[in-house]
Each structure stands twice: as C-alpha cells, then as structure tokens.
**Q** 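Please see the structure below; I have some questions.
Note that the structure is predicted; figures quoted are calculated from it, not measured.
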Amino acid sequence: QSIQRLNDSIINKNQSSLTSLLNYNTVIYFKENGLSMTSSPSFRGTTSQQTVVVWNGININSQLLGQTDFNTISTRGFNSIDVKAGGGSVVYGSGAIGGTIHLNNDLKFTDTFKNDFQIYYGEFNTISAIYGITAATKKWSIDASFTRNSSDNDFKFVGQEVWNKNGQYYNNTFDAAIGYKINSKNSIKFYSEIFDGERHFSLTSPNATKTKYQDYNIRNLLTWSSSFNKFESNLRLAYISEHYNYFEDINLDGYTSGGVKSFIGKYDLDYTLSSTMKISTIIDYTKNDGVGSGIGKSSREIGGASLLWKHTLTEKWNYEISARKEVSDVYKSPVLFSVGSRYNFSDFYQLKFNLSRNYRVPTFNDLYWEGSGNPDLKPESSYQAEIGNE
C-alpha cells in the first residue's frame, strides 16, 4: 500500500491542528465547520467513520462516534505522521477502510538536549503557543510538548454587516514520551496525551440558541519492545478515556454528557524464517465501558488474532498475505484478510496490487442511543482492490 510520511520539518511549518496539516499536504478531503470546529475527513470517498487514527500503534477512534475529530489532535507532539491509503483492519481493527493516519513519537537514544518555543498571534485575538523539549542520552529519552490554541473567532462575513457570533474556542494539549533502553535488545517506553478543549458553535441565525461543547481526552500507553535470536516482540498496554459535555443552552446549567473508558492489550510477535520469509502474529484484547445521557451504561469486550506472512520471491518480486478473526460479546465479526504483491519490472517502473476485506463495528451510539440505537446491528463489511503504478 502507498504510504506518505510527513516528517517533523513539515509538521513545524504548518498550523498545529491535524486538519490543517493533512488538508495542505495530502489528498484527504475535509469537511470543517469553521476554524477549530468539528472536522471530519473523507479518504478515497469514504466517511470519517471509515478512517482510523493510529496513535503509536493503537486505534484511538471514538467508541461513541466511531471517528476522530481531527481538530482535537495537535500535531506538535509528534515526530512524524504517516498517511496510509486503503484498508488495514487486519492490523489496525475497526474502521480502517478508506485509510489510516499514524501519529508517531519516535524516541531516539542519542545525546540530545533541545528546546523549542513558538508563539503566533493573529486577527480576532487568535493565539497559538507551542513549547517542546527533547532530552536524551544513550539510556534515556524524553520528548514532551504543550500546545495552546484559542480565538474569539468573531470575524465579519464578507459583504455583510454581520459578525460570527458564539464562535470562540480554546484547547490545550500536553504530550509526553519517555523511553528507557534496558540493553541492546530490550526497551520500555511510556506515552501520554491529555486534551482539554471547549468550543462554542457559531449561530446559524441571529435568534438561535447559543451552544457549546467540551472535550476531555486522556491517552496512556506502555510498551515493551524486545528482540532475541530471530524473534522480535512488542507488548502494548493502553488506557484511553474520552468524555464530552454538551450545553444546549450556555445560559442554563443543564447539559448532556457521555464517555467511554477503554483498556487495550496488544502483543505483536515477528519471526524471521530466513532472509526472504517472515511470519507475524498479533493478539489483542479490548474492553470498553461507556456511560452517557443517551446510551445509559454499557460495556463490551473484543478479542482478536491476526496472522501475517511476508515472502520475497526474487529481488524483483514479493508478496504478503494476512488474515484476522475477532470474537466479541456484542456482535459477530467476519473473517478479514488482505493480499498484496509488488513487482519491479525495471529500475524506474513498479507495479503493485492489493486486495482486502475490512470492517467497522457499531459504535456505542449506533447500538444504544435512546430512541434510535439498534443493539442487533451487524458490523459494516467492505471489499476493496487496488492496482498501483509507480
């Protein structure tokens, strides 16, 4: 599959929102309801629920909505961001149909000490401030950043004596990554991200009721990477929580709220059979506990296993095959698969092919939302094929 990597120099040249970065540097289409408002992507014509954001190897799409709001992701806490086109449910799980966006904290164990501070100010009292620090030795590596964005967002509409009302917002993001190299074959890394934001939704008419929406998301991930003989393993343990408050009228005390707390365990094991053959397994377990004004109190458990095979037949020709099966207490999951091959006809021409079956599981809102949820919903399933010329 085609992968586009955005390195740290490209990330620093763009605004700190993930929407802005991808809008100007990739082919993904975004529907954005104003600066820093809700933002949803369409990757290869699919919906935002069919595009997955992967944070250091973990799928972080909302369990309530099935998507990630790209304006709640600050890019300044990451060293690189990868955009991978096409299906990836065998490896990345539910929703990886149109494509996947990978947010990476690449820790390096080399003697380094670096500080970075940037501040931007613009019209409508728009402020963006970023501070980052990187410190590393041959044993330790630390990378941390803080980002603050805010704006009154009270611009004047072109050709009218009307101003954007109730469009103000702010958000704060703290990112940290800490790594310790035990020896040449083992390392432990801890990643953490906290997002706190509030945005008022612009009025669609002068007499409309003023509303606002608050987000509070926490992500923590512990990884242990090791290599021994022909084996390479990676154990990930993650705790992710998402929470929102929606004020239908900001002049009143009442609001609706909801949230999901998720525990994720994921273990990858690679075995190199020879210089041309490699087999990999992925075993994962996810437990989601949700509670909210519209969904009541609900939970679900998902376990899955994937098997992947890579084979280089000649210097010009290789192929990959993979399959995945999940078991859940809420729904039945189809057997997923992917097949891909690449052939180099010459130094300047390459032909690629891939075929896959992918899926998206129903969200908590899909299943349990009062008045419209359906607990008997089945997962979405998709087949896709691609031929690429380079």
**Q** Rounded to the nearest 0.5 Å, how far apart are CH2 of W309 and OG of S280?
**A**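 Between W309 CH2 and S280 OG, I get 10.5 Å after rounding to 0.5 Å.
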**Q** Honestly curious: do I60 and Y239 fall in one hydrophobic cluster under the side-chain, below-4.5 Å linking rule?
**A**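 No; Y239 is not reachable from I60 via cluster members.
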**Q** For the residue pair D366 and T363, confirm or rule out a side-chain donor-acceptor distance under 3.5 Å.
**A**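 Checked: D366/T363 side chains pair up, N/O donor to acceptor below 3.5 Å.
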**Q** For the residue pair T256 and S293, confirm or rule out a side-chain donor-acceptor distance under 3.5 Å.
**A**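 The criterion, which ignores hydrogens and geometry beyond distance, is not satisfied for S293 and T256.
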**Q** Rounded to the nearest 0.5 Å, how far does CD of Q15 lie from OH of Y120?
**A** 9.0 Å
**Q** Among side-chain atoms of N164 and S202, is any donor-acceptor pair under 3.5 angstrom?
**A** yes
**Q** Do the non-hydrogen side-chain atoms of V83 and F43 ever get within less than 4.5 Å of each other?
**A**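 They are in contact (side-chain heavy atoms under 4.5 Å apart), so the answer is yes.
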**Q** Ring centres under 6.0 Å, that's the criterion: do F247 and Y255 meet it?
**A**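 Yes: the rings meet the under 6.0 Å criterion.
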**Q** Between Q214 and Y216, does any side-chain donor sit less than 3.5 Å from a side-chain acceptor?
**A** no
**Q** Does a side-chain heavy-atom distance below 4.5 Å link H243 with K261?
**A** no
**Q** For a side-chain hydrogen bond (donor to acceptor under 3.5 Å, both in side chains) with T68, tell me which candidate from N61, T51, N217, N59 qualifies.
**A** N61
**Q** Would K287 count as a cation-pi partner of F263, with NZ or CZ less than 6.0 Å from the six-membered ring centre and within 45° of the ring normal?
**A**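 K287 over F263 ring: no.
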**Q** In sequence, state the C-alpha distance, the side-chain angles, and the governing distance for Y191 and E193, and then conclude on side chain to side chain donor-acceptor pair (under 3.5 Å).
**A** CA-CA 7 Å; Y191 307 92; E193 182 174 77; over 6 Å; no
**Q** Look at the rings of F124 and F155 and say which category their plane angle falls in: under 30° parallel, 30 to 60° tilted, over 60° perpendicular.
**A**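 It falls in the perpendicular class, over 60°.
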**Q** Do V361 and V330 make a side-chain contact, defined as non-hydrogen atoms from C-beta onward lying under 4.5 Å apart?
**A**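 Of all side-chain heavy-atom pairs linking V330 with V361, none is under 4.5 Å.
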**Q** Please check if Y169 and L18 belong to a single hydrophobic cluster, counting links between Ile, Leu, Val, Met, Phe, Trp and Tyr side chain heavy atoms closer than 4.5 Å.
**A**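 No, no single cluster joins them.
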**Q** Between R342 and E390, does at least one N-O distance fall below 4.0 Å, as a salt bridge requires?
**A**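 Salt bridge between R342 and E390, a charged N being under 4.0 Å from a carboxylate O: no.
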**Q** Measure the CG-CD distance between L355 and E386 for me, rounded to the nearest 0.5 Å.
**A**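 Spacing of CG (L355) from CD (E386) equals 11.0 Å.
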**Q** So, D143 and N105: side-chain donor and acceptor under 3.5 Å apart, yes or no?
**A**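 Per modelled atom types, D143 and N105 side chains form no pair under 3.5 Å.
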**Q** Will you find, in the side chains of N71 and T19, an N or O donor that is under 3.5 Å from an N or O acceptor?
**A**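 Yes, a side-chain donor-acceptor pair sits under 3.5 Å.
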**Q** Checking side-chain polar atoms at under 3.5 Å, does T100 have a donor or acceptor matched by the opposite partner on H102?
**A** yes
**Q** When you check the side-chain N and O atoms of S80 and D106, is any donor under 3.5 Å from an acceptor?
**A**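 Checked: S80/D106 side chains pair up, N/O donor to acceptor below 3.5 Å.
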**Q** Quick one: do the N344 and Q350 side chains pair a donor with an acceptor below 3.5 Å?
**A** yes
**Q** If the plane angle is over 60° it's perpendicular, under 30° parallel, otherwise tilted; pick one for W317 and Y343.
**A** perpendicular
**Q** Membership question, hydrophobic clusters at under 4.5 Å side-chain separation (ILVMFWY): are Y244 and I218 in the same one?
**A** no
**Q** Are F228 and S233 side-chain neighbours, meaning at least one heavy-atom pair lies under 4.5 Å?
**A** yes
**Q** Do I321 and Y383 share a hydrophobic cluster (ILVMFWY, side-chain heavy atoms under 4.5 Å, transitive)?
**A** yes
**Q** Hydrogens and angles aside, do Q63 and R300 bring a side-chain donor and acceptor to less than 3.5 Å of each other?
**A** yes
**Q** Do N7 and S9 meet the criterion of a side-chain donor-acceptor pair at a distance under 3.5 Å?
**A** yes
**Q** Taking it one step at a time, do S356 and S338 satisfy side chain to side chain donor-acceptor pair (under 3.5 Å)?
**A** CA-CA 4 Å; S356 63; S338 66; over 6 Å; no
**Q** Check the side chains of N389 and Y349 for a donor-acceptor pair under 3.5 angstrom, ignoring hydrogens and angles.
**A**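 Yes, a side-chain donor-acceptor pair sits under 3.5 Å.
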**Q** Under the side chain to side chain donor-acceptor pair (under 3.5 Å) rule, what do E380 and Q49 come out as? Steps first, then yes or no, please.
**A** CA-CA 11 Å; E380 293 179 4; Q49 292 182 325; over 6 Å; no
**Q** Decide yes or no for L64 and F364: does some side-chain heavy atom of the first lie under 4.5 Å from some side-chain heavy atom of the second?
**A**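 Yes, side chains in contact.
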**Q** Measuring from atom OG of S225 to atom NZ of K185, what distance do you get when rounded to the nearest 0.5 angstrom?
**A**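 Here the interatomic distance stands at 13.5 Å.
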**Q** Ion pair present between R324 and D284, side-chain N to carboxylate O less than 4.0 angstrom?
**A**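 A salt bridge links R324 with D284.
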**Q** Working to the nearest 0.5 Å, report the span between CG of L6 and OG1 of T26.
**A** 7.5 Å
**Q** For D268, is there an ion pair with R236 - N to carboxylate O distance below 4.0 angstrom?
**A** yes
**Q** Tell me whether the rings of Y246 and Y213 are parallel (<30°), tilted (30 to 60°) or perpendicular (>60°).
**A**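 Answer is tilted, since the angle falls between 30° and 60°.
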**Q** Taking side chain as C-beta onward, heavy atoms only, is N104 less than 4.5 Å from F78?
**A** no
**Q** Answer with yes or no whether the side chains of N354 and Q1 bring together a donor and an acceptor at under 3.5 Å.
**A** no
**Q** Looking only at the side chains, is there a donor atom on one of N33 and T38 sitting less than 3.5 Å from an acceptor on the other?
**A**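 Result is yes, a qualifying pair exists.
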**Q** Quick one: CG on N149 to OG on S74, what's the gap to the nearest 0.5 Å?
**A**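 Between atom CG of N149 and atom OG of S74 there are 6.5 Å.
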**Q** Return yes if some donor-acceptor pair links the side-chain N/O of T112 with the main-chain N/O of T110 below 3.5 Å, else return no.
**A**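 Yes, because the side chain of T112 sits within donor-acceptor range (under 3.5 Å) of the backbone of T110.
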